[in-house]
Enquirer: 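Take this structure first; my questions come after.
By convention in this document, chain letters (A, B, ...) are assigned in the order of the sequence lines, proteins followed by strands, and residues within each chain are numbered from 1. None of these values were measured; they are calculated from a predicted model. Both backbone and side-chain heavy atoms feed into the values below; hydrogens, waters and symmetry mates do not.
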There are 4 protein chains.
Amino acid sequence: MSDFKISGVVPPVVVPELEDHSLDVASFEKLINKMITAGVDGLFFLGSSGEVVFSTDAVREQVIREAVRIVDHRVPVLVGIIDTETERVLEHGRQAERLGADAVVATAPFYALGGLTEMAEHFRILARELSLPVFAYNIPVCVHSKIPWKLALELGKEGVLAGVKDSSGDDVNFRYLCQENEKAGHPMSLLTGHEIVVDGAYLSGADGSVPGLANVDPDGYVRMWKAFQAGDWTAVKAEQDKLNELSHIFDVTSGLQGYAGGVGSFKTALWLMGIFSTNQMPRPVKAMTGENVEKIRAVLTASGLL
Amino acid sequence: MSDFKISGVVPPVVVPELEDHSLDVASFEKLINKMITAGVDGLFFLGSSGEVVFSTDAVREQVIREAVRIVDHRVPVLVGIIDTETERVLEHGRQAERLGADAVVATAPFYALGGLTEMAEHFRILARELSLPVFAYNIPVCVHSKIPWKLALELGKEGVLAGVKDSSGDDVNFRYLCQENEKAGHPMSLLTGHEIVVDGAYLSGADGSVPGLANVDPDGYVRMWKAFQAGDWTAVKAEQDKLNELSHIFDVTSGLQGYAGGVGSFKTALWLMGIFSTNQMPRPVKAMTGENVEKIRAVLTASGLL
Amino acid sequence: MSDFKISGVVPPVVVPELEDHSLDVASFEKLINKMITAGVDGLFFLGSSGEVVFSTDAVREQVIREAVRIVDHRVPVLVGIIDTETERVLEHGRQAERLGADAVVATAPFYALGGLTEMAEHFRILARELSLPVFAYNIPVCVHSKIPWKLALELGKEGVLAGVKDSSGDDVNFRYLCQENEKAGHPMSLLTGHEIVVDGAYLSGADGSVPGLANVDPDGYVRMWKAFQAGDWTAVKAEQDKLNELSHIFDVTSGLQGYAGGVGSFKTALWLMGIFSTNQMPRPVKAMTGENVEKIRAVLTASGLL
Amino acid sequence: MSDFKISGVVPPVVVPELEDHSLDVASFEKLINKMITAGVDGLFFLGSSGEVVFSTDAVREQVIREAVRIVDHRVPVLVGIIDTETERVLEHGRQAERLGADAVVATAPFYALGGLTEMAEHFRILARELSLPVFAYNIPVCVHSKIPWKLALELGKEGVLAGVKDSSGDDVNFRYLCQENEKAGHPMSLLTGHEIVVDGAYLSGADGSVPGLANVDPDGYVRMWKAFQAGDWTAVKAEQDKLNELSHIFDVTSGLQGYAGGVGSFKTALWLMGIFSTNQMPRPVKAMTGENVEKIRAVLTASGLL
């Protein structure tokens, strides 16, 4: 089994772009430092909200290189090696190894249709041919298949998976995974991808969380984690409630779908807060403008972040 | 509008692998030559059944290079430039240009969630920044969004799309597209990805077909096309019926899902027919064995191909 | 096997309502007589577009009673006995028997989750306990499961199913069903629920069609059927093309979803054409008003129906 | 706003059948009394797992009549009035009123396609025309549309909905609903349909739970509720963990899908425990036999219930 263990708050880092879509290194540094200062326990780069599928291999290289340089071993660096099928994912894995990542995060195969046989074989090959610990990224909304807890558990016991980052939105599957992982001696670190019901995931037995909204308010998620560590559930829920008010940056905008509205709201918030120099989005997605920006400003103001 | 027009039978070429998963160039050459000899009107490389999402950039390069060399201008070469989002697709497009493709085929963006705004912008960027004609590959089963005929038509009229390769399985959407494309002066070449109801697609107004099963029996699809050109619908249907008997290579096997069963049956048939040296599949998919191979052999025998 | 055979054009009859939502018997009579005069080969009452799931048992009784009275044996009367599970469907079947229907049409079970085992048992019970011929209504968009051709074929050979009304939108499944039904001695009458690609379904081997749009233009569908019987595919396609222009009554409206736009456009067209006294819809659906009505009027005018 | 408030454990009652599929009144009485004795706070009859869509109107009448008689005002009786569209649901609502139910539970419309407009109008009509408090049953897995929290909240504030029974499996939607309901003065009673993550739902702010598994172990769910009332989260989680071990009756069987496996496991457990006289299922579902029964026996034994 893997020796790599991680717990606590591990935000998936949003990637700032300049107007010409190139990496905005200065803003990236500000964001990373802000989150480390707030007390996060790790950082996850090139996740779904970290521009990964929009980035060429060269841009992925730059993002990892800068991330590793800026983080400078203050917290563990997890890197998403997301691509369609095994050989392509392996290439990203070797890139992450070469550049100094601490662990890699891979989804189930996507685009080509398959079943659990291919899913299991995929993770086994990754674990065998990469030297870094491998986390499974359970994200059916993007890859259109779900990793069942029974398979994840089997792969954890085998030593194939060091952990799971669960963005399945299936709290039953996650609960069983936590409970059975515990019974099996806790071979895996289990992180919830939730941001709105992180408190419930902690109650379910999660080792930590990967909340996108922590880009905007890392302090809130760190306070919630500390309250959880202290067993103070009233405070845990109160922090979650407060973060949920902030989370309305997701639903106050109109006319936007998917990434444009989700990651778009993070980038717009970070821009309004002075951390990003612009709210530029990767092509073909357009940056938010006009009324949508004003509505996000209003939520930030109400949440005391402006 | 694009000057590139294509019609007739344009098979998506299945890619042979050696036991070590490297490209089996000799078998590739045999298959390509067999189909050109049969009279196909074009070849589509690196489609969904052409190993595209399983292939690293280096392997894609090799496939295109060998394809262009072997085809040697006897028929047009279409190349799939399939990847998640715009910048990555553009890189594949430039690779295809550099290596001598005649046209490129791109899907809607996938993995990240979006809507029609992003879909339209994606194809507009591809058309603007690539010099080759761009075909839209409508394949919701893989990318989980469908290109509506109204958007495809708009992009065709704008000169963004040279055509559509329709694997949507939505014959209503395709029928409207054909009918409206005709009314607009036929700006696009419209190819059906069907193999089982190609006759119906021809009746709907398709300019041609991209049938995977033509790897196994190109002559049948060429005869069907010629019968259609001659207006002999009885013969068209009779050829389709016969090909459909052969198509049971898809459903006689058991225990296989998706690519393993679909492309696996093509590879196994081509191997049994002596065109491929093995039925090896790309990782993490396993090659068919045992009973499944025997069942495919029986279908081939019944169809007179063995 | 069933002795009941049907072929040709069998429209699913749209049901007119008065302002108070009660059955508008006079309009119903006008519509039915218009279609029989046009030469349709049967009529299907209480289908998905025939208000079936909106109607209480008492209203279903009235609809069947009036339908049987008005049709008066001029053409066969098929009746939808659509409900969630077996016992409830049986009750509707006995009602249809009692009131003089010629055949009944049942979907797969819905609401409760199940599999092919339950689907097969359901149809077997219906066939065993009802005296009328049973048609399977394949409509996954409403019941969220699809009847695979292999199961339909098995049930046809057993004598359980007299036929299939296919609204699956899956032309591959339908094509296999037609081809295998023929090879098995044609035990079932196979009707396509398409209205836009009926020509393709005829080419695939359909015995007939159940086009909702035939409520608005029965003559067009009858002409297409006669052209098909005469083997004149050019005329078949030309009729379909013309009907497809009329079918834009489905997509010229805005702000409406599902039944409100689909059946709503039929009712609005029939109202504008003077066949219905109003375009009233069943609760909770609202009748079309304003701009949407004008847009449908424009399509009808362009199609020469006003 | 509705004066009807409910909180605590409100099991959806599983309905026993005799071999001939008629209601097993004696077993029904045993089960109801066992749950009331255990301390449940209400009972929900004719829910998804209460045979509702399998039952004819006459059987529904019998179930409600016996339920009201047996419960005899010891706890509130909620009755599912589940059917496809408004007029049919209203009929069930009037039946429930006539027979003495305390509240009714209705899903969004299903089978016919629609949108939020129809969903809202549906619930408004139900509330206006029925005298009993109306709960919305959010169960997309059965009706294929989800009630968004914003709409539920709006209907709660209007006094249309007395509450929501949430079986959406979407803990984010439920969390927002709880939080916003609280901010709005708590107009609705919010019940989770979960059985595996009830603890998380309580932490999210649920007023109570409707756990199917409480048919098998009502004491466990009552203890969890009392621990929650006492603010003892360690005990809450411990009870949930224990119940989750019992819940493996869902996944130890094989070859069963949906209702056959889910409600089938409840009926088989209750039969093995001597509460039901058989594990008979409603047609077309088959009762569990052989190995599957033994596997459920083993789980019950391990959980100390045998």
Side-chain angles (χ1 to χ4, degrees), chain A residues 21 48-60 82-92 94 107-126 129 139-145 255-264 281-286, chain B residues 21 48-60 82-92 94 107-126 129 139-145 255-264 281-286:
Chain A
H21 298 289
S48 300
S49 55
E51 233 85 323
V52 65
V53 295
F54 295 94
S55 303
T56 60
D57 290 4
V59 170
R60 291 186 187 206
I82 295 168
D83 213 322
T84 49
E85 296 283 344
T86 310
E87 304 298 347
R88 297 183 65 82
V89 176
L90 278 171
E91 285 202 340
H92 299 301
R94 289 186 209 108
T107 68
F110 56 95
Y111 189 92
L113 303 182
L116 295 186
T117 306
E118 286 78 18
M119 197 188 281
E121 178 69 5
H122 174 72
F123 286 115
R124 287 192 179 109
I125 294 171
L126 297 184
E129 304 194 9
I139 186 159
V141 73
C142 291
V143 304
H144 303 278
S145 69
L256 303 170
Q257 279 187 283
Y259 207 80
V263 174
M281 297 292 284
R283 300 197 300 174
V285 185
K286 297 290 179 62
Chain B
H21 298 290
S48 301
S49 55
E51 234 85 323
V52 65
V53 295
F54 295 94
S55 302
T56 61
D57 291 4
V59 170
R60 291 187 186 204
I82 295 168
D83 213 321
T84 48
E85 296 283 343
T86 309
E87 305 297 347
R88 295 182 66 82
V89 176
L90 279 172
E91 285 202 340
H92 299 301
R94 288 185 210 108
T107 69
F110 57 95
Y111 190 90
L113 303 182
L116 296 187
T117 306
E118 286 77 19
M119 197 187 281
E121 178 70 5
H122 174 71
F123 286 115
R124 287 191 179 111
I125 295 171
L126 297 184
E129 303 194 11
I139 186 160
V141 73
C142 291
V143 305
H144 303 279
S145 69
L256 303 170
Q257 278 187 282
Y259 207 81
V263 174
M281 298 292 285
R283 300 198 299 175
V285 185
K286 297 289 180 62

Enquirer: Given that the side chain runs from C-beta out, which part of B:V141 has a heavy atom under 4.5 Å from chain A: side chain, backbone, both or neither?
Expert: both
Enquirer: Kindly indicate whether the side chain of B:I125, heavy atoms from C-beta on, has any atom under 4.5 Å from the side chain of A:R283.
Expert: yes
Enquirer: Between A:G115, A:A120, A:G261, which shows the greatest number of heavy-atom pairs under 4.5 Å with chain B?
Expert: A:G115
Enquirer: Counting only non-hydrogen atoms closer than 4.5 Å, does A:L116 touch chain B with its backbone (N, CA, C, O), its side chain (CB onward), both, or neither?
Expert: backbone
Enquirer: What I'd like to find out is whether the side chain of B:I82 reaches to under 4.5 Å of the side chain of B:F110, using heavy atoms alone.
Expert: yes
Enquirer: Salt bridge check: are A:R60 and A:E91 linked by an N-O gap of less than 4.0 Å?
Expert: no
Enquirer: Any side-chain donor-acceptor pair under 3.5 Å between B:T84 and A:Y111?
Expert: no
Enquirer: As an exercise: rank B:V52, B:T56, B:D57 by heavy-atom pairs under 4.5 Å with chain A and give me the winner.
Expert: B:T56
Enquirer: Given a strict heavy-atom distance threshold of 4.5 Å, which part of A:S55 is in contact with chain B: side chain, backbone, both, or neither?
Expert: backbone
Enquirer: When you measure from the side chain of A:H144 to the backbone of B:C142, do you find a donor-acceptor pair of N or O atoms at a distance under 3.5 Å?
Expert: no
Enquirer: Using a cut-off of under 4.5 Å for heavy-atom pairs, which of A:K286, A:R88, A:Q257, A:E121 has the most such pairs with chain B?
Expert: A:R88
Enquirer: Examine whether an atom of B:D83 lies under 4.5 Å from a heavy atom of chain A, and if so say whether it belongs to the side chain, the backbone or both; otherwise answer neither.
Expert: side chain
Enquirer: Of all heavy-atom pairs between B:A108 and B:V143, which one has the smallest distance, and what is that distance?
Expert: O-CG1, 4.1 Å
